[in-house]
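Worksheet: the structure to be examined is printed underneath.
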Amino acid sequence: MTSLEGGLCGEGVYRVKGEEAFLEGHFPGRPIVPGVVLIEAIAQIGGVVAQSDPKIEAMGDLRLTAIRSAKILGAAVPGDELRLRARVEGRLGGLVQVEGDVSGPGGLLASAKITLSGVVAGSGL
């Protein structure tokens, strides 16, 4: 993480090394990061932001449960440095609404509004 406001927003950086398993088959001779991995990256950084809220106990079994308004506008290739950003838009019990994006050297690659869900301590849900 390059910046984090616990429970509100955060930013991070990831360099595509070229050795990642998700590059296999996407595409031989011209590897690109699959769009679904870019959306997962938004979910991952969104989860870190959501779980770092100093006023709310971290949830158990946090996972991506819904994707809406996703747009994949470009592709990342080995050597690219990706800038990841996520902001928590709202919470209700074990649900967290997050919006985020991934940018590369050429600009915006993906954006999405997603829902994360987890088990709230003491609720059994």
Side-chain angles (χ1 to χ4, degrees):
M1 299 288 291
T2 56
S3 70
L4 178 64
E5 282 186 63
L8 300 174
C9 59
E11 296 182 10
V13 174
Y14 178 79
R15 180 168 302 280
V16 182
K17 298 173 201 69
E19 305 164 352
E20 295 87 348
F22 55 73
L23 291 175
E24 293 178 26
H26 292 93
F27 292 93
R30 188 176 174 264
I32 65 168
V33 176
V36 69
V37 173
L38 298 176
I39 302 302
E40 174 65 19
I42 294 169
Q44 292 284 331
I45 198 164
V48 171
V49 172
Q51 296 286 63
S52 67
D53 192 320
K55 300 176 199 143
I56 301 172
E57 188 173 341
M59 291 183 279
D61 198 27
L62 189 66
R63 59 181 66 185
L64 174 62
T65 53
I67 301 170
R68 53 191 218 299
S69 303
K71 294 182 183 176
I72 299 168
L73 306 167
V77 298
D80 281 357
E81 182 174 275
L82 305 181
R83 291 172 307 286
L84 314 168
R85 187 188 64 77
R87 181 177 61 82
V88 171
E89 293 185 314
R91 299 178 84 121
L92 179 61
L95 299 174
V96 183
Q97 299 291 323
V98 174
E99 72 85 21
D101 58 59
V102 180
S103 297
L108 186 64
L109 298 176
S111 64
K113 293 188 178 215
I114 63 169
T115 302
L116 304 172
S117 66
V119 177
V120 177
S123 73
L125 300 175

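Along the sequence shown, residues carry numbers from 1. In this text, all values refer to a predicted model and were calculated from it rather than measured experimentally.
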Given M59 and Q51, is the side-chain contact (heavy atoms from CB on, under 4.5 Å) satisfied, shown in steps?
CA-CA 7 Å; M59 291 183 279; Q51 296 286 63; 3.9 Å; yes
The test is side-chain contact (heavy atoms from CB on, under 4.5 Å); show your working for T115 and T65 and say whether it passes.
CA-CA 6 Å; T115 302; T65 53; 3.8 Å; yes
Side chains of V88 and V96: does their closest heavy-atom pair fall under 4.5 Å?
yes
Determine the minimum heavy-atom distance between P78 and P31, stating which atoms define it.
CD-O, 3.5 Å
One should read off an interatomic distance between I72 CD1 and S111 OG, to the nearest 0.5 angstrom, of 9.5 Å
Any chance you could measure K113, atom NZ, to K71, atom NZ, to the nearest 0.5 Å?
10.0 Å
Where G7 and S52 come nearest, the two heavy atoms and their spacing:
N-OG, 3.4 Å
Check whether the side chains of Y14 and Q44 place a donor and an acceptor atom closer than 3.5 Å, and report yes or no.
no
With no hydrogens and no angle check, is any side-chain donor or acceptor of R83 less than 3.5 Å from a backbone partner on G12?
no
Same apolar cluster: L62 and V120, side chain cutoff 4.5 Å:
yes
When you look at V33 and V77, which way does the side-chain contact (heavy atoms from CB on, under 4.5 Å) test go after all the steps?
CA-CA 6 Å; V33 176; V77 298; over 6 Å; no
Restricting to non-hydrogen atoms, name the atom on A110 and the atom on I42 that form the minimum distance, rounded to 0.1 Å.
O-CD1, 4.3 Å
Sidechain N-carboxylate O distance under 4.0 Å for R87, E89:
yes
So do the side chains of L116 and L95 get within less than 4.5 Å of each other, counting heavy atoms only?
no
May I have the step-by-step check of side-chain contact (heavy atoms from CB on, under 4.5 Å) for V49 and E5, ending in yes or no?
CA-CA 7 Å; V49 172; E5 282 186 63; over 6 Å; no
Presence of salt bridge, R68 and E99, under 4.0 angstrom:
no
Can you give me the closest heavy-atom contact between A86 and V98, atom names plus distance?
CB-CG1, 4.0 Å
Is any side-chain heavy atom of I67 closer than 4.5 Å to a side-chain heavy atom of I39?
yes
Euclidean distance, F22 CZ relative to L38 CG, rounded to 0.5 Å
8.5 Å
Taking the side chain as everything from C-beta on, heavy atoms only, tell me whether E11 gets closer than 4.5 Å to L84.
no
Can you find a heavy atom in the side chain of I45 that is under 4.5 Å from one in the side chain of M1?
yes
How far apart are the closest heavy atoms of V102 and A41, and which atoms are they?
CG2-CB, 4.5 Å
So V16 and L23, do their side chains get closer than 4.5 Å, heavy atoms only?
yes
Rounded to the nearest 0.5 Å, the CG atom of D61 sits from the OG atom of S117 at a distance of 7.5 Å
Smallest separation among heavy atoms of L64 and A66, with atom names
CD1-O, 3.5 Å
Do L109 and L82 have side chains that approach each other closer than 4.5 Å (heavy atoms only, starting at C-beta)?
yes
